[in-house]
Amino acid sequence: MRFDGKTAVVTGAASGIGRASALRLAAEGAQVIAADIDAAGGEALSAQSEGRIVFKRTDVCIDDQIRELMDFAAQRTGGIDILFNNAGAGGARERIDEIDASGWDRTMNLLLRSVAMGIRHAVPHMVARGGGSIVNTASVAALSTGMAPTAYSVAKAGVLHLSKLAAADLARYRIRVNAICPGLIKTNIFAASMEVPDALKEQVNGMLAGIADRAQPVARGGTPEDIAGAVAFLASEDAAFVTGTHLVVDGGILVGPRHSWDPATPGVSEAIRQSIAASAGGSKA
Ligand code: NAD
């Protein structure tokens with residue numbers, strides 16, 4: 001029970017990584033204030049928590065609502081010890097040669113400004129407690145191309161650097177700040193960002209599960225619980241000497257090119273050997 005007597009605020013808590021993390025923090029003793037725009041999902045989570053998770057509807061794109069969330073958490077429980085800035089969605093999908101300014105701004109507000117303002121409004125309540133731990137959701141897309149759309153990836157790279165800068169700014173208050181970089185995790189984010197009709201969402205999630213099982217060296221798809229365990233570590237005293245960094249939890253997706261770990265995918269030399277063998281076979285025929 002690493003979080004007995006602690007208050008944790010989790011954004012994007014109605015689904016996926018946020019939901020699993022809220023349940024994990026509560027299971028280890030925290031009082032959790034769960035925030036999301038999805039009121040039905042948030043209330044359902046709260047209902048299954050035996051009072052350990054309280055839902056507050058919050059749109060993290062609206063600064064006043066973030067401030068109200070942090071004030072609500074502190075008034076209700078006496079302060080804030082842990083903040084998991086996690087809410088997100090796919091954002092604008094266009095490439096850099098196609099995107100317009102409003103799509104760019106919308107994506108940055110949802111994925112980057114929300115994290116900055118979450119920290120901004122939680123800090124006074126953490127200072128009053130004598131310290132705290134902040135975890136921000138970035139992504140492997142912050143570290144590589146080919147993982148997500150451009151605006152999303154740039155916003156997540158911003159989350160990484162913001163986490164480092166905030167760790168420097170807030171060390172004087174005994175507040176640690178770290179980021180987490182999930183790999184491909186089986187959640188609703190893909191169906192949500194593809195804007196498919198509700199009837200097709202389960203089908204999309206099924207296709208995603210099949211792809212996720214084969215996407216990285218660890219031969220199964222990533223789960224929200226994989227990320228929740230890492231979030232709990234960073235939030236806890238087990239990580240008391242960890243600040244200003246990020247933890248990649250990706251089943252090895254960033255380890256290197258696919259041929260380095262997948263025997264079914266030939267590297268360059270093997271592809272040439274196969275090609276020579278094929279043409280030799282062809283010339284014999
Ligand atoms: P999800 O869709 O299951 O959950 C995201 C939650 O955020 C939803 O409940 C949604 O309602 C909420 N949300 C969206 N916009 C919001 C807003 N304006 N205000 C408040 N809540 C809002 O997706 P997930 O995969 O659990 O995503 C959680 C975080 O993880 C996101 O920041 C996402 O970018 C990041 N991430 C996900 C993956 C992955 O493969 N699933 C990989 C890397 C990073």
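Read the numbers this way: they start at 1 and go in the same order the structure lists the ligands and their atoms. Just so you know, residue 1 is the first one in the sequence shown, and it goes up from there. On a predicted model such as this, the values are computed, not experimentally measured, just so you know.
The shortest contact between atom 3 (O) of ligand 1 and any protein heavy atom is with S15 OG, 2.6 Å. For atom 24 (P) of ligand 1, the closest non-hydrogen atom of the protein is T187 OG1, 3.5 Å. For atom 27 (O) of ligand 1, the closest non-hydrogen atom on the protein side is I189 CD1, 3.9 Å. With respect to atom 22 (C) of ligand 1, the closest heavy atom belonging to the protein is I37 CG1, 3.6 Å. Protein heavy atom at the shortest distance from atom 14 (C) of ligand 1 is G88 O, 3.6 Å.
Ligand 1 is approached by K156 to a heavy-atom distance shorter than 4.0 Å. The shortest separation from a heavy atom of G183 to ligand 1 is under 4.0 Å, placing the residue in contact. Not a single heavy atom of A13 sits under 4.0 Å from any atom of ligand 1. Contact annotation: C61 has at least one heavy atom less than 4.0 Å from an atom of ligand 1.
Using a 4.0 Å cut-off between heavy atoms, T58 contacts ligand 1 through its backbone alone, with no side-chain atom that close. With a 4.0 Å cut-off on non-hydrogen atoms, A35 does not touch ligand 1 at all. When non-hydrogen atoms are compared, ligand 1 lies under 4.0 Å from the backbone of P182 as well as from its side chain.
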For this session: Start with the C-alpha distance between E28 and L23, add both sets of side-chain angles, then the distance that settles side-chain contact (heavy atoms from CB on, under 4.5 Å), and finish with yes or no.
Result: CA-CA 9 Å; E28 292 201 45; L23 287 166; over 6 Å; no
Exercise. When you look at T58 and T11, which way does the side-chain contact (heavy atoms from CB on, under 4.5 Å) test go after all the steps?
Worked result: CA-CA 8 Å; T58 306; T11 71; over 6 Å; no
Problem set entry | Residues I134, F84; criterion side-chain contact (heavy atoms from CB on, under 4.5 Å); working and verdict | CA-CA 6 Å; I134 298 172; F84 183 31; over 6 Å; no
For this session: Decide yes or no on side-chain contact (heavy atoms from CB on, under 4.5 Å) for R129 and R174, but give the supporting numbers first.
Result: CA-CA 10 Å; R129 290 278 245 221; R174 299 168 57 85; over 6 Å; no
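Among residues at least two apart or in separate chains, side-chain hydrogen bond (donor to acceptor under 3.5 Å, both in side chains) pairs with a member in residues 152-173 are N136-S163. Among pairs with a residue in residues 61-77, those fulfilling side-chain hydrogen bond (donor to acceptor under 3.5 Å, both in side chains) read T7-T77, D63-H121, D64-R67, D71-H125, at least two apart in sequence or across chains.
For ligand 1 and A138, the ligand atoms under 4.0 Å from any heavy atom of the residue are 44 (C). Residue L184 approaches ligand 1 through these ligand atoms, each under 4.0 Å from one of its heavy atoms: 40 (O). Those atoms of ligand 1 that come under 4.0 Å of a heavy atom in G12, given as number and element, are 6 (C), 7 (O), 12 (C). In the vicinity of T137, heavy-atom distances shorter than 4.0 Å reach the ligand 1 atoms 29 (C), 30 (O), 32 (O), 35 (C). Remark: ligand 1 atoms within the under-4.0 Å shell around heavy atoms of F190 are 40 (O), 41 (N). Listed by number with element, the atoms of ligand 1 under 4.0 angstrom from any heavy atom of G16 are 3 (O), 26 (O). Of all atoms in ligand 1, numbered sequentially from 1 with element shown, those under 4.0 Å from a heavy atom of D59 are 17 (C), 18 (N), 19 (N). Within the listing of ligand 1, atoms 7 (O), 20 (C), 21 (N), 22 (C), 32 (O) sit less than 4.0 angstrom from a heavy atom of A87.
The option with the heavy atom closest to atom 29 (C) of ligand 1, from among T223, N109, N86, L208, is N86.
Placement of V127 and V177 within a single hydrophobic cluster is found when ILVMFWY residues are connected by side-chain heavy-atom separations under 4.5 Å, directly or transitively. Residues L234 and M126 do not share a hydrophobic cluster, defined by chaining ILVMFWY side chains whose heavy atoms lie under 4.5 Å apart. No path of Ile, Leu, Val, Met, Phe, Trp and Tyr side chains, each step under 4.5 Å between heavy atoms, connects L25 with F55, placing them in separate hydrophobic clusters. Residues V123 and V159 share a hydrophobic cluster, clusters being chains of Ile/Leu/Val/Met/Phe/Trp/Tyr side chains in contact below 4.5 Å. V9 and V115 fall within a single hydrophobic cluster, where Ile, Leu, Val, Met, Phe, Trp and Tyr side chains are chained together by heavy-atom contacts under 4.5 Å.
Close N/O approach between A89 and ligand 1 is not found [any backbone or side-chain N/O within under 3.5 Å]. Between D36 and ligand 1, an N or O atom pair is found at a separation short of 3.5 Å. At least one N or O atom of I185 sits closer than 3.5 Å to an N or O atom of ligand 1. The shortest N or O to N or O distance between V60 and ligand 1 is below 3.5 Å. Of the N or O atoms in I17, one or more lie within a sub-3.5 Å distance of an N or O in ligand 1. Below 3.5 Å of separation, one finds an N or O of Y152 facing an N or O of ligand 1. Considering both main-chain and side-chain atoms, D38 never comes within under 3.5 Å of ligand 1 through any nitrogen or oxygen pair.
S15 and N188 are linked by a side-chain donor-acceptor pair at a separation below 3.5 angstrom, with hydrogens and angles left out of the test.
A donor-acceptor pair under 3.5 Å links the side-chain atoms of D226 to the main chain of T223, judged by distance alone.
A pairwise comparison of heavy atoms in A122 and L83 identifies CB-CD2, 3.7 Å as the closest pair. Contact record, V249 with A230: CG2-CB, 3.7 Å, taken as the closest heavy-atom pair. Minimum interatomic distance between A34 and A13 (heavy atoms only, all atoms of both residues): CB-CB, 3.6 Å.
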